[in-house]
Amino acid sequence: MTEPDKRKDVFQPSAPSSADEEGKNTRVLVIGPYLATRGLPERSGDHAARDVAARLDEAVGLARAIDLMIVRAMPLGLTAIRPATYLGSGKVEELAGIVKADDIELVVMDCALSPVQQRNLERALGAKVIDRTGLILDIFGRRARTREGSLQVELAHLTYQKSRLVRSWTHLERQRGGFGFLGGPGETQIETDRRLIQERMSRIERDLEQVKRTRALHRESRRRVPYPIIALVGYTNAGKSTLFNRLSAAKVMAEDLLFATLDPTARAIELPHGSKAILSDTVGFISDLPTMLVAAFRATLEDVIEADVLLHVRDVSHGDTEAQASDVETILRELGIDPTNGQRLIEVWNKADLLAPDDRAKLDNLASRRPADLRPVLVSALSGEGMDTLLAAIETRLARGRGIYHVIVEPQAGDVLNWLYEEAEILDRRSDDEGRILLAVRIAEAKQPRLLRRFPGAKRIR
């Protein structure tokens, strides 16, 4: 292959999409180019209105998630999006002065840039430029730990990279010779790069299919147990992993970082009446999540799609909590989940410990006015406040559609009694004059045939 051009304004296919490995030494300028009419990037029109300061703060948080050194962050009000550079010429000149004065090496644009816009900005500013999509892909690439997560991230990154291969970079237009099946005479560098990327994407997709089949086998084994699945969903940094750790006594990474947890994690938990369930932590959602990541992570989110109960974890101390909730609900709908289904979804209002007394009282009043099926649970995953209420709410949701039976166990049938404690919820236990154990048990619909085989005389109460 022809040696790529080394100029700063030329795209390098093999180069990382953002800062170098030593991100802490990379001087970064974060720009929020928001339309002045709504304070939103143009592509967020379907989302609830977001505060400009909160939007910029989120962009800074994304950059800090990979340890970049933020020198300055500033919003830019736009009246229109310019096809060539996204920004107007005056603003580009202003930014070029800031980049030079502050020795900026990387400019992060909190928007989606076309390949041409990215190239033109890099030339005008004299610094590397990445957009929101590229930054999120970089974060995902550094955070993914499992084989599935790594494959999904690489596939998403290649999809993004392939879209950058347009006739915008001069070295990609050079011709190369070729023979056999590796490209005919005159094949250009862009065609070679696109072909190599497509071949790698095809291999990853085959590997992912195998991973999906393995996950399907795992899900099938859980169905045979079967334990109900409780999935945590929510905006990134809403406290899902902290809540997961609190409920399951696990030690999943839980830091004040955007996308601190990417790979799905599952643990068994015990509910108040002794029944078990599987609690699953998932990747956090975010506004303007790159579409290729939504598709690539669909396998990761299969536990969410099939979950018996969804816990929508919200950071109610955040000023943009309503807009964040709207973003999560949008993605849930894309996955075929109705976020208004109170039979399946519980809103968890997290970070109650950060609320002022007046704000807390308002939220308590707001929650009490909602119908019982849609009533949120106010908790603090950090302090443990509200955990008993939340577990009771989960058990109530799971109990719907489960039969309650009256069962009589002979005193010597210890193994049968043990099976009941393992597979059902024991609601009441008493003994009669003959020493027999009288039980009221609640059991999942899938397990009821096994219960009736073991206890033909069991009577359904309701």
Which side-chain N or O atoms in residues 363-371 pair as donor and acceptor under 3.5 Å with protein atoms at least two apart or in another chain?
unit_1: N365; atom_1: ND2; unit_2: A361; atom_2: O; d: 3.3
unit_1: S368; atom_1: OG; unit_2: D364; atom_2: O; d: 3.3
unit_1: S368; atom_1: OG; unit_2: N365; atom_2: O; d: 2.7

Open item on the list: Working to the nearest 0.5 angstrom, can you tell me the gap between Q117 CD and I81 CD1?
Closed with: 8.0 Å
TODO: Would you confirm whether R397, through its side chain, and G342, through its main-chain N or O, come within 3.5 Å as a donor-acceptor pair?
DONE: yes
Open item on the list: Rounded at 0.5 Å granularity, tell me how far CG in L279 sits from CD1 in I394.
Closed with: 7.0 Å
TODO: Keeping the roles fixed (side chain from S326, backbone from E322), state whether a donor-acceptor pair exists under 3.5 Å.
DONE: no
TODO: Applying side chain to side chain contact (heavy atoms under 4.5 Å, CB included), run through E425 and L271 and close with a yes or a no.
DONE: CA-CA 9 Å; E425 299 172 59; L271 297 173; 6.0 Å; no
Task: Residue pair T330 / F285, side-chain heavy-atom distance below 4.5 Å - done: no
TODO: Enumerate the residue pairs fulfilling side chain to side chain donor-acceptor pair (under 3.5 Å) with a member in residues 383-394, sequence neighbours excluded, ordered by first and then second residue.
DONE: R360-E385, S380-S383
- [ ] Please name all residues satisfying side-chain hydrogen bond (donor to acceptor under 3.5 Å, both in side chains) with R206, sequence neighbours left out, ordered by chain then number.
- [x] none
Task: Partner residues of T340 under the side-chain hydrogen bond (donor to acceptor under 3.5 Å, both in side chains) criterion, sequence neighbours left out - done: D338
- [ ] Output the distance between atom CG (D315) and atom CG (D320), rounded to the nearest 0.5 Å.
- [x] 10.5 Å
TODO: List for me each residue that meets side chain to side chain contact (heavy atoms under 4.5 Å, CB included) alongside P411, sequence neighbours excluded, and say none if there are none.
DONE: R436
Task: Which atom of E423 lies closest to which atom of I443, heavy atoms considered - done: O-CG1, 4.0 Å
TODO: For L56 and Y34, run side chain to side chain contact (heavy atoms under 4.5 Å, CB included): C-alpha distance rounded to whole Å, both residues' side-chain angles, the deciding distance at 0.1 Å, then the answer.
DONE: CA-CA 9 Å; L56 184 62; Y34 307 133; 4.2 Å; yes
Task: Exercise: identify the closest heavy-atom pair between H318 and A54 - done: CE1-CB, 4.3 Å
Open item on the list: For a 4.5 angstrom cut-off between non-hydrogen side-chain atoms, does L68 reach L106?
Closed with: yes
Task: Contact check, side chains of Q343 and D373, non-hydrogen atoms, under 4.5 Å - done: yes
Task: Nearest heavy-atom neighbours spanning I269 and L247 - done: CG2-O, 3.6 Å
Task: Closest heavy-atom pair and its distance - Y86, C111 - done: OH-CB, 3.5 Å
TODO: List in chain and number order the residues that pass side chain to side chain contact (heavy atoms under 4.5 Å, CB included) with E270, two or more places apart in sequence or in another chain; answer none if no residue qualifies.
DONE: K276
Task: 4.5 Å side-chain heavy-atom contact, L135 and D110 - done: no
TODO: State the CD1-CG distance between I346 and N341, to the nearest 0.5 angstrom.
DONE: 11.0 Å
Task: Any donor-acceptor N/O pair, D308 side chain to I229 backbone, under 3.5 Å - done: yes
Open item on the list: A side-chain contact here means heavy atoms from C-beta on lying under 4.5 Å apart; do L345 and E347 qualify?
Closed with: yes
Open item on the list: Testing the basics here: between G386 and V379, what is the closest heavy-atom pair and its distance to 0.1 Å?
Closed with: O-CG1, 3.6 Å
TODO: For R454, check side-chain hydrogen bond (donor to acceptor under 3.5 Å, both in side chains) against everything at least two apart and list the hits.
DONE: none
- [ ] Please answer whether the main-chain N or O of L355 pairs with a side-chain N or O of S317 as donor and acceptor at a distance below 3.5 Å.
- [x] no
Task: Sequence-distant partners of E209, salt bridge (Lys or Arg N to Asp or Glu O under 4.0 Å), two or more places apart - done: K212
Task: Reported CD-to-CD1 distance for the pair E434 and I408, which is rounded to 0.5 angstrom - done: 9.0 Å
Task: Closest non-hydrogen atom pair, T26 against E105 - done: CA-OE2, 3.6 Å
Task: salt bridge (charged side-chain N to carboxylate O under 4.0 Å, His left out) evaluation trace for R132 with E58 - done: CA-CA 11 Å; R132 182 180 177 89; E58 180 177 282; 2.7 Å; yes
Open item on the list: Which residues pass the side chain to side chain contact (heavy atoms under 4.5 Å, CB included) test with D428, not counting sequence neighbours?
Closed with: R430, A440
Open item on the list: Restricting to side-chain hydrogen bond (donor to acceptor under 3.5 Å, both in side chains), what partner residues turn up for E154, sequence neighbours left out?
Closed with: R200
Task: Step-by-step side chain to side chain contact (heavy atoms under 4.5 Å, CB included) determination, L451 to L420 - done: CA-CA 8 Å; L451 173 75; L420 283 172; 3.6 Å; yes
- [ ] List the steps and the verdict of side chain to side chain contact (heavy atoms under 4.5 Å, CB included) for L121 and V107.
- [x] CA-CA 9 Å; L121 282 173; V107 178; over 6 Å; no
TODO: Report the residues that fulfil side chain to side chain contact (heavy atoms under 4.5 Å, CB included) with V71, sequence neighbours left out, ordered by chain and then residue number.
DONE: R27, D102, I104
Open item on the list: What I want to check is whether the side chains of Q198 and R195 have a donor and an acceptor closer together than 3.5 Å.
Closed with: no
Task: Test side chain to side chain contact (heavy atoms under 4.5 Å, CB included) applied to V313 and L232, D281, V233, the passing residue - done: L232
Task: Heavy-atom side-chain proximity of I31 to M109 below 4.5 angstrom - done: yes
Open item on the list: Using side-chain heavy atoms (C-beta onward) and a distance below 4.5 Å, is I286 in contact with L62?
Closed with: yes
Task: Side-chain donor/acceptor of N350 to backbone N/O of A381, under 3.5 Å - done: yes
- [ ] Kindly compute the distance separating CH2 (W419) from NZ (K447), expressed to the nearest 0.5 Å.
- [x] 7.5 Å
